[in-house]
Amino acid sequence: MAPPTVHDLLGQRGKHQYAMLRVETLEEAAAAAEAGLELLSVPPAMIFDRRFREAAPNAFAFPGENYFEIGGTEDFLKWAFPLMKHGADAVYCSGSLATVRALADHGIAVCGHVGLIPSKRTWTGGFRAVGKTFETAQMVWRQVRALEEAGAFAAEIEVVPHAITRAIAEKTSLFLISMGAGSAGHAQYLFADDVLGQNRGHVPRHAKLYANLAAEQDRLQAIRTDAMRRFAAEVHDGLYPAPQHLVDSEPEVVEAFRDWLKGEAT
């Protein structure tokens with residue numbers, strides 16, 4: 001089965017809730033695909049790795065980086081074309097509306113970003129909800145309308161009050177990807193690090209942990225350290241290698257070799 005198309009996603013708005021994760025490794029991508037995740041945000045480098053489509057053949061893949069890692073409009077176009085050539089289904093863009101428009105003009109499916117945009121958080125007061133006041137709710141709506149007009153097909157809507165998201169979803173033509181913005185989004189989006197319990201830093205309020213791999217990684221690291229410590233101790237004490245770890249030779253071969261070495265040394 002092929003990944004869903006943009007047409008499919010837009011046609012399923014309000015009919016099916018899509019599940020989306022940001023994955024950082026091929027192992028995470030394979031697990032997400034086997035678990036039934038339909039949408040994946042991925043590092044751009046993963047798109048160029050042929051093993052990605054072997055791991056997640058049916059996932060709709062959005063490669064994405066912060067705009068300051070890419071540059072302006074021309075940089076975004078040069079960045080996006082090879083990604084589409086290698087099988088990206090859409091690209092994420094938190095850059096300017098002019099950049100979104102240029103990408104869309106070239107037929108590239110673009111997902112924008114509204115609400116809390118981490119790379120632009122200084123304008124909205126840091127890592128905090130956006131849209132709790134009448135004025136900021138209006139701002140989020142204007143961001144959505146601007147993306148529509150620029151040709152985006154989707155927008156990540158991040159940490160916006162769920163009732164504001166619902167009101168926007170009723171009026172927009174965009175496919176809304178909710179990260180902490182409520183169930184009115186057409187997809188629910190989290191980072192695999194949070195879902196898997198790998199995040200050792202701040203866990204956002206909207207995140208839900210379904211595993212505790214950090215604890216498992218600590219347990220495995222303790223096992224690694226103990227094994228290496230015992231190896232080093234045996235080496236230092238002359239206990240490794242023991243006879244069972246050695247390759248032997250027939251005594252007459254060793255004696256002949258030693259005799260030959262005596263001649264070689266003179």
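Every value quoted in this text rests on a predicted model; they were computed, and no experiment measured them.
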Applying the 4.5 Å side-chain criterion to the ILVMFWY set and letting contacts propagate, would [X] and [Y] be lumped into a single cluster?
| X | Y | result |
| --- | --- | --- |
| Val114 | Met139 | yes |
| Ile117 | Val130 | no |
| Val23 | Val91 | yes |

Would you please test Phe175 and Leu39 for side chain to side chain contact (heavy atoms under 4.5 Å, CB included) and show each step?
CA-CA 12 Å; Phe175 183 86; Leu39 313 180; 4.0 Å; yes
I want to check something: taking the side chain as every heavy atom from C-beta on, are [X] and [Y] in contact at a cut-off of under 4.5 Å?
| X | Y | answer |
| --- | --- | --- |
| Leu21 | Ser41 | no |
| Ser96 | Thr73 | yes |
| Glu74 | Leu77 | yes |

Determine whether more than 12 heavy atoms belonging to other residues, nucleotides or ligands lie under 6.0 Å from atom [atom1] of [X].
| X | atom1 | result |
| --- | --- | --- |
| His162 | NE2 | no |
| Asp248 | CG | no |
| His245 | NE2 | yes |

Is any side-chain N of the basic residue among [X] and [Y] closer than 4.0 Å to the acidic one's carboxylate O?
| X | Y | result |
| --- | --- | --- |
| Arg145 | Glu148 | yes |
| Arg230 | Asp226 | yes |
| Glu24 | Arg22 | yes |
| Arg200 | Asp218 | yes |
| Glu255 | Arg258 | no |

Residue pair [X] / [Y], side-chain donor-acceptor N/O under 3.5 Å:
| X | Y | value |
| --- | --- | --- |
| Glu158 | His113 | yes |
| Glu38 | Gln12 | no |
| Ser178 | Tyr189 | no |

Rounded distance (nearest 0.5 Å) linking atom CE of Met46 with atom CG of Leu26:
5.0 Å
Phe153 vs Phe62 aromatic rings, parallel, tilted or perpendicular, using cut-offs 30° and 60°?
parallel
Is Lys120 close enough and on-axis enough to Phe68, meaning under 6.0 Å and within 45°, for cation-pi?
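No; the conditions do not both hold, so Lys120 does not lie above the ring face of Phe68.
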Give the intermediate values and the outcome of salt bridge (charged side-chain N to carboxylate O under 4.0 Å, His left out) for residues Arg219 and Glu216.
CA-CA 5 Å; Arg219 185 184 70 83; Glu216 185 66 9; 2.6 Å; yes
